Amino acid sequence: MRILCTADGSYTLYSEAYQQSFHSHRGARAEAEHVFLRGSGVASRLIEGHPTEVLEVGFGTGLNFLLTAELARRLGTPLYYVALEQELLPAATLEALRYRELLKDSFLLTNLLSFRRELPARPAPGRYRCAYSDRLICELRIGDATLGSLEQDAFHAVYQDAFSPEANPELWSEPFLGALYGSLRPAGRLASYCVKGTVRRRLARHGFAVTKRPGPPGGKREVLVATKASPSASMQGGSTPRE
Ligand SMILES: C[S@@+](CC[C@H](N)C(=O)[O-])C[C@H]1O[C@@H](n2cnc3c(N)ncnc32)[C@H](O)[C@@H]1O
C-alpha cells in the first residue's frame, strides 16, 4: 500500500493488489462528504436529529466513518455504523494517513486506533464493536462481505464503496446488490461513486429507483444515488417490483 495525497489535500491509499486507490485522487475528503454523507441522505438525517443506521461496503481507511461520526457527535444524533471489511488495515497505516488533521474531534481517531491495536494483525472473521458511547457505535464485520448475511430493512443508508466493478466484481454482483437492497429500510438510499450502466441496471432490476447526480466540485462528473421503494410509492404503482 502506498499513501497518496489527493487534490483537496487529504490522503488516501493506493492498493497494489487492486491497482486502485481507496478514494478519488481528485479529493478523498470531498468524495466522502459529497458522494456518501450527502448523497445517501445521512448528513440531512443527522442534521435533523434522526437516529441513523449506516451500512458501509469496504471500511478501508475509515475516512467515510470518521467524517460521518464527526457530524453525528457534533450534533448529538445517534449513529450506528456497520462496516464490512475483508482486510482491516494496521493501526500504523491508519495513523499515517494523517486524518487527525482533518478532524476537529481527535477522540474519534484516537479511539479507533486503540480499538485497532487491541485486535490481532489479522482478526478472525466476525463482528467487532468499537463503541464511543451508547449513541455512537461502529461495528466492523470482518470477512468476505458476500459470505455474511445482512439484516432485512435495517439501514437508512448504504455506502457502496467497494473498488471498481472490474477490480472487485463480487461486491457488485447481482446477488450482492440484491442483499444490499434487502438490508435497506423502505426509502433508504444507496450512494456510490460508480455510475456504470451495468451496475445501474442491476440495481434497477432489484427495485431501486436509480438516479445520477453531479459529482463533487473538481471530481467525477456524476455519482449515483439509488433509492429503495417506499410503501407509498408501491401503492401508487411508482416502483419496479423486486425480483
Ligand atoms: C475502495 S476501498 C474502501 C474505502 C473506504 N470506504 C474508505 O473510506 O477508506 C474498498 C475496500 O473493500 C474491501 N474489500 C474488497 N473486497 C472485499 C470483500 N469481498 N469483502 C469485504 N471487503 C472487501 C477492501 O479491503 C477495501 O478496504
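Here the structure is a predicted model, which is why all the values come from computation and not from measurement. We count ligands from 1, going down the list as the structure has it; atoms in each ligand are counted the same way.
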[X] heavy atom under 4.0 Å from ligand 1:
| X | answer |
| --- | --- |
| Leu171 | yes |
| Tyr18 | yes |
| Gly143 | yes |
| Gln20 | no |

Enumerated ligand 1 atoms positioned under 4.0 Å from heavy atoms of [X]:
| X | answer |
| --- | --- |
| Glu56 | 6 (N) |
| Leu63 | 8 (O) |
| Glu170 | 16 (N), 17 (C), 18 (C), 19 (N) |
| Thr61 | 7 (C), 8 (O), 9 (O) |
| Phe59 | 5 (C), 6 (N), 7 (C), 8 (O), 9 (O) |

Regarding [X] and [Y], does a basic nitrogen lie under 4.0 Å from an acidic carboxylate oxygen?
| X | Y | value |
| --- | --- | --- |
| Arg26 | Glu31 | no |
| Arg98 | Glu101 | yes |
| Arg29 | Asp8 | no |
| Glu85 | Arg122 | no |
| Glu174 | Arg205 | yes |

Tell me, which protein residue and heavy-atom name are nearest [atom], and how many Å apart are they?
| atom | value |
| --- | --- |
| atom 1 (C) of ligand 1 | Asp161 O, 3.2 Å |
| atom 23 (C) of ligand 1 | Gln86 CB, 3.7 Å |
| atom 8 (O) of ligand 1 | His23 NE2, 3.0 Å |
| atom 20 (N) of ligand 1 | Ala145 N, 2.9 Å |

- prompt: Pairs in or reaching into residues 50-60: which pass side chain to side chain donor-acceptor pair (under 3.5 Å), with residues at least two apart or in two chains?
  reply: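 Passing the test, one end in residues 50-60: Arg45-Thr52, Glu48-His50, Glu56-Asn64, Glu56-Tyr81.
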
- prompt: Would a distance-only check, ignoring hydrogens and angles, find a side-chain to backbone donor-acceptor pair under 3.5 Å from Arg189 to Val225?
  reply: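 No, Arg189 side chain to Val225 backbone: no donor-acceptor pair under 3.5 Å.
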
task: Would you check if the side chain of Glu95 reaches a backbone N or O of Leu97 as a donor-acceptor pair within less than 3.5 Å?
output: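 Such a contact is absent between Glu95 side chain and Leu97 backbone.
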
message: Using ring centroids (six-membered ring only for Trp), state whether Phe36 and Tyr193 fall under 6.0 Å.
response: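 Tyr193 vs Phe36: aromatic centres not under 6.0 Å.
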
field: Within the 6.0 Å centroid threshold, strictly below: Tyr132 and Phe107
entry: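 Yes, the ring centres sit under 6.0 Å apart.
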
Indicate yes or no: does an N/O atom of [X] lie under 3.5 Å from an N/O atom of ligand 1?
| X | result |
| --- | --- |
| Asp144 | yes |
| Glu87 | no |
| Gly58 | yes |
| Glu85 | yes |
| Phe163 | no |

query: Which bit of Asn168 is near ligand 1, meaning a heavy atom under 4.0 Å away: side chain, backbone, both or neither?
result: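 Near ligand 1, Asn168 shows its side chain, while the N, CA, C and O stay back.
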
Transitive ILVMFWY cluster of Leu4, excluding itself - 4.5 Å side-chain cut-off: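 Direct or chained contacts put Leu4 with Tyr14.
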
message: Counting C-beta onward and ignoring hydrogens, is there a side-chain heavy-atom pair between Leu75 and Leu46 closer than 4.5 Å?
response: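 Yes, at least one pair of side-chain atoms sits under 4.5 Å.
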
